[in-house]
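Report on one structure; see the data block that follows.
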There are 4 protein chains.
Amino acid sequence: MIGQRFIQILEDHPYFEFGGLYASERSAGKTLAEVLRIRDHRFRDDTLDMPIEKMEAKTVAASSRLAFSGLPSEAAKGMESELAQAGLAVFSNASSHRMSPDVPLLIPEVNHEHLDAVKDQESFANGGFIVTNANCSTTGIAPPLKALDDAFGLDIVTVTTYQAISGAGYPGVPSLDILGNIIPHIGGEEEKIETEIKKMLGSWNGAFVHSEFTMLANCARVPVVDGHLEAMMLRMDSSPEVEEFVAALESFRGLPEGMSLPSAPERPVIVMKEPDRPQPALDAFAGEPERARGMAVAVGRVRRDGDWFKLFALSHNTLRGGAGGSLLNAELAKAKGLL
Amino acid sequence: MIGQRFIQILEDHPYFEFGGLYASERSAGKTLAEVLRIRDHRFRDDTLDMPIEKMEAKTVAASSRLAFSGLPSEAAKGMESELAQAGLAVFSNASSHRMSPDVPLLIPEVNHEHLDAVKDQESFANGGFIVTNANCSTTGIAPPLKALDDAFGLDIVTVTTYQAISGAGYPGVPSLDILGNIIPHIGGEEEKIETEIKKMLGSWNGAFVHSEFTMLANCARVPVVDGHLEAMMLRMDSSPEVEEFVAALESFRGLPEGMSLPSAPERPVIVMKEPDRPQPALDAFAGEPERARGMAVAVGRVRRDGDWFKLFALSHNTLRGGAGGSLLNAELAKAKGLL
Amino acid sequence: MIGQRFIQILEDHPYFEFGGLYASERSAGKTLAEVLRIRDHRFRDDTLDMPIEKMEAKTVAASSRLAFSGLPSEAAKGMESELAQAGLAVFSNASSHRMSPDVPLLIPEVNHEHLDAVKDQESFANGGFIVTNANCSTTGIAPPLKALDDAFGLDIVTVTTYQAISGAGYPGVPSLDILGNIIPHIGGEEEKIETEIKKMLGSWNGAFVHSEFTMLANCARVPVVDGHLEAMMLRMDSSPEVEEFVAALESFRGLPEGMSLPSAPERPVIVMKEPDRPQPALDAFAGEPERARGMAVAVGRVRRDGDWFKLFALSHNTLRGGAGGSLLNAELAKAKGLL
Amino acid sequence: MIGQRFIQILEDHPYFEFGGLYASERSAGKTLAEVLRIRDHRFRDDTLDMPIEKMEAKTVAASSRLAFSGLPSEAAKGMESELAQAGLAVFSNASSHRMSPDVPLLIPEVNHEHLDAVKDQESFANGGFIVTNANCSTTGIAPPLKALDDAFGLDIVTVTTYQAISGAGYPGVPSLDILGNIIPHIGGEEEKIETEIKKMLGSWNGAFVHSEFTMLANCARVPVVDGHLEAMMLRMDSSPEVEEFVAALESFRGLPEGMSLPSAPERPVIVMKEPDRPQPALDAFAGEPERARGMAVAVGRVRRDGDWFKLFALSHNTLRGGAGGSLLNAELAKAKGLL
């Protein structure tokens, strides 16, 4: 699903162009049309006819300067290193390199300054490096948490997820398991949320210093196609009024003043006032302008109870939390002169 | 849905018998067969043929000593008072009387001693009284929270719900709203959880003294037919080992020593060890013996993180959290000589 | 749902403009944003803010020359006549006037010459008239059946439907009825298919002469949001090769030579060659160009068995089979000089 | 899913007992509890603990006289022959031997006399033989078609299916393909219906003589867990009144006078009079007595249109159309003295 979202958002990108599509033996030799699973985008005919080739670092490097990776973690570990060594700038969704000491776990609006870490990577000498984006459920809470941490300081954060089936890839979740059901377990997901968020909200000064607060996650799979909904309760170092809390979210921008990336949403966090939003079916594609559809985090139902705040956040797990996140990272790298 | 569950569990009850079925004008004149919505129980032919009569306190009192009420809250307020004044013991699912100062909000395993409060009700003089059960999502967390409060003392409890559509009654949630979607809002539900649990975990000594701890709820509707799943994070006054925590849940019984109620589950809280349970589709009907199907709370994925514990709890919202809860309350009333 | 689709497709129409939104008392006074149910279109902010007014023929006539009606049938009967008498050209989705002897049941690609019938309507003298489109499930099979009737002559046609919940409007189908279920009954639907198709495939020569062949329908509701899938078996007067059969569908255009309507799909019938298409989730929005999304009928799995043919047809029930159909009728009326 | 249904219905069978559970390497070594997928049955603890062993003909033959097979077709072809040669009576759900000239394709109520064919099988000399049951969607229409063929003679039969996901086994249909969607293709299914029904409605006189009529099938997968719904249109040699048609279905018994099989439903075909039944969620488990739950075919919406009849039929695809069918075949074999 991530791979197909990459193709969707690169189809008409202002400055990146397809060098080729690469996959494992299983899909090699097919065209996109033959493996298509995305329901909400109409691909161009020439895109649908693009052949999928067998992935080999040398072949990829011959055609491209960048590689966007939606590889499964096991495959990613070795292959992404090979790609970087072959001189490619690798923008990865896989978890294998996320916690490495010289690999940025990057969301431009949250920690763009972490990108500098790539210069410490061995492969950087010949132009190659790896940038990762966070797990999809971590990504969906990072922008609002960054805004709140900056404004009030985080103390305790609990998050409970309602995660879409597209997050498990294809074939992914068997329908017999999820139709009319909830599965309160996604392997490794809670640990990822609890560790990745602290790297992202931390700092880079030649080394990563992780942020410190209590982060607790409960994760479940729900019968929804796209869009991770996340219920949060949080307590902060200071206790603002609801209006101040909302203002901190709405005014959050994150990107360096004056930097404009084509796939960045105007507002990374959108606060909805309706009593029953955000909803995956209605709001997963939040984000303006058109190129940034699915790149904003929609927050709703902000309530205060004593010194605690409660809210729901929704993000598109294969756009903001997947392919779109990687693309935005690449746009940042280009804006910072690394490509 | 609650009404039909009442009929299901009373069909073959060892000592309660049908006096009649009563409903608003809309259903009056029909038979159960004509309004049937329950998917998982096969009613007897004579039950299906039972006529539904128009509800009037006098008529009900003429046929019955007890009334089980699945009335909507607005209708319940007046009608349940009328029924009690007419000398009926009313066991209600409606929220209208739950927080009244002389009405027990009762779960036999949690606070059976609260039943005494009915003796203070005005109508008790002529045998009538009202007993309520809690909101379905509150009910599902009350037994484990009672066990943990007794053993370790509750400090902060967060609960995030995945609530089944049967909880909204019929016609209830439009399919256009919930198919492939999550609705992060159930009117009044969070407030009910946050207040009701404290009444139930508190004490009755001629007046209700509410328990004191921080209780935070986020509620959402999910496309599941039956079974409310609830994700919890909690911090307690003392910080046990995981094994002690589990032992407190598994050994919890709640009913007075030697008291045996036909619809009470042998173990009110069942702790599952599988990595991905409890699930609504598999575990909503937890509970032994056969008569207590759907009356146990299934707890799973117990994890400790520092001084916090995380878990998922599942209960059948129209059995344990609805009709079954009322029936158990009636069985308790009978065992205590009030009927 | 039909009403909201009207707004969607009129939002940026090349020559029709909103005069106003009108509804029953229930919605009057709200804005579109408050009643929004469409999941796949992002309305403009000014559209979302449009107020909904109480429907009265006089008010509508004061602001508009055309009225697009998504009224329920009972309301439509009188109101649409009033609107026509007030001088409005009414393009209706309701069933109340469909079989009237001077009201065209119109699909431009199928029977554009039926439009002439409006000239016989009493209200035509002062510019008002009523044009209806067919029931959504009839509409989805009409273009392929017209193509086949022209080429080979229809003898026996069976159609079995898989109809989306949006076809029942809002709140429509209760989720308790349809989640994980199929309902093999849609009131009046089979009769509509069996009668409407014969009027549409018949001729107008001052009176409607209905086509004669055997038409049999079985209809069911399925848990799909948008897109009616219809399985067909048919026997024709002559028995072509599969290639000829497909060619008849693919070459079908229907509109008069040289007539170009903005919302008409280039190909009214698209034949898919993949082994498992068309599917509602992937193909409901078939139709080129962009303005005609959801206006084509996607046909697939064409098979011959002796002198019978089997196929599946899919159409968007609230676009091609609803608002889009009415809009196309209005575009035809304009092209023919009736507006 | 078929394998687990076998275990369910054999758990408390009056005369068959478990010799062992056998599966491919993938499941061998696990217990039933670890692979459990059935949502609606509560297995006994000792059943859940039963170990699954690696399938080998010799091992199975050492423990058992009968083998119930839910093997995938490729595996079944060789293994079932081996099992028969090892002296086992094999009751199979796989398609590999169904159309063999000496293998009965058996539904006791439809063609019990076909069982004699096993005596022509080579392995019968040492007690081994193979009996197959039909494809699940064929099974669901066979009893009503047999009743109608006997009474009126079949001429043309069309069937269009709404097939549950459990029919594809586990993991089976990916949720990304079927959630909120319909897939109008099930590989080989239509061909099976069109050929198998003619063998079953034909005769055995030392060789199978297939019945002759026009049988047309369109098959689709729907998001339903259990229960295949099938819409039918049919024309017969004679054209009865609706009442006669219904009477032929209701009076159908099929089994030899006086023969009583524990898992046979009292009425193999149940005709429902409600306007919107049968529905998978409500009626998949039709069948009396308790042991025959899910073994009846529920027929509804019988309508006549000229010389055509229309109806819907529903059957439980893994009980009547799977494990239950095989078990009934074994009960027949025992009643006829073959075991």
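Because only heavy atoms are used, hydrogens play no part in the values below, and waters and symmetry mates are left out as well, while side chains stay in. Naming convention: chains lettered A, B, ... in sequence-line order (proteins, then strands); numbering from 1 in each chain.
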Quick check: are there more than 12 heavy atoms from other residues, nucleotides or ligands sitting under 6.0 Å from [atom1] of [X]?
| X | atom1 | result |
| --- | --- | --- |
| B:Arg235 | CZ | yes |
| B:Arg39 | CZ | yes |
| B:Glu212 | CD | no |

Checklist line | Straight-line distance of B:Gln279 CD to A:His185 NE2, nearest 0.5 Å | finding: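 Taking CD in B:Gln279 and NE2 in A:His185, the distance rounds to 11.0 Å.
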Item checked: Interface residue of largest heavy-atom contact number with chain B, from A:Ala231, A:Gly187, A:Pro280, under 4.5 Å ->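 Between A:Ala231, A:Gly187, A:Pro280, the count favours A:Pro280.
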Check: Which one, A:Val224, A:Ile183, A:Leu229, leads in non-hydrogen pairs under 4.5 Å with chain B?
Finding: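 Between A:Val224, A:Ile183, A:Leu229, the count favours A:Val224.
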Among [options], residue most engaged with chain A (heavy-atom pairs, under 4.5 Å):
| options | result |
| --- | --- |
| B:Ala281, B:Gly306, B:Pro184 | B:Pro184 |
| B:Asp276, B:Asp177, B:Leu282, B:Thr160 | B:Thr160 |
| B:Asp226, B:Val222, B:Val225, B:Leu311 | B:Val222 |
| B:Ala217, B:Ala284, B:Ala220 | B:Ala217 |

Next item on the list: Examine the side chains of B:Asn218 and A:Arg303 and answer whether a donor and an acceptor come within less than 3.5 Å of each other.
Entry: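 Their side chains do contain a donor-acceptor pair, which is all the 3.5 Å distance test asks for.
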Check: Side chain, backbone, both or neither: which part of B:Ala164 has a non-hydrogen atom closer than 4.5 Å to chain A?
Finding: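 No part of it gets close to chain A.
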Notebook entry, point to check: Where does A:Ile156 contact chain B at under 4.5 Å (heavy atoms): side chain, backbone, both or neither?
Noted result: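 When you check distances to chain B, only side chain atoms of A:Ile156 fall under 4.5 Å.
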Notebook entry, point to check: What part of A:Leu216 is in contact with chain B, defined as an atom under 4.5 angstrom from a non-hydrogen atom: side chain, backbone, both or neither?
Noted result: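 Backbone plus side chain of A:Leu216, per the 4.5 Å heavy-atom cut-off to chain B.
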Margin query: Counting C-beta onward and ignoring hydrogens, is there a side-chain heavy-atom pair between B:Asp305 and A:Glu190 closer than 4.5 Å?
Written below: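 No, side chains not in contact.
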Notebook entry, point to check: Is there a side-chain contact between B:Thr158 and A:Lys310 (heavy atoms, below 4.5 Å)?
Noted result: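 Result no, sub-4.5 Å side-chain heavy-atom pair not found.
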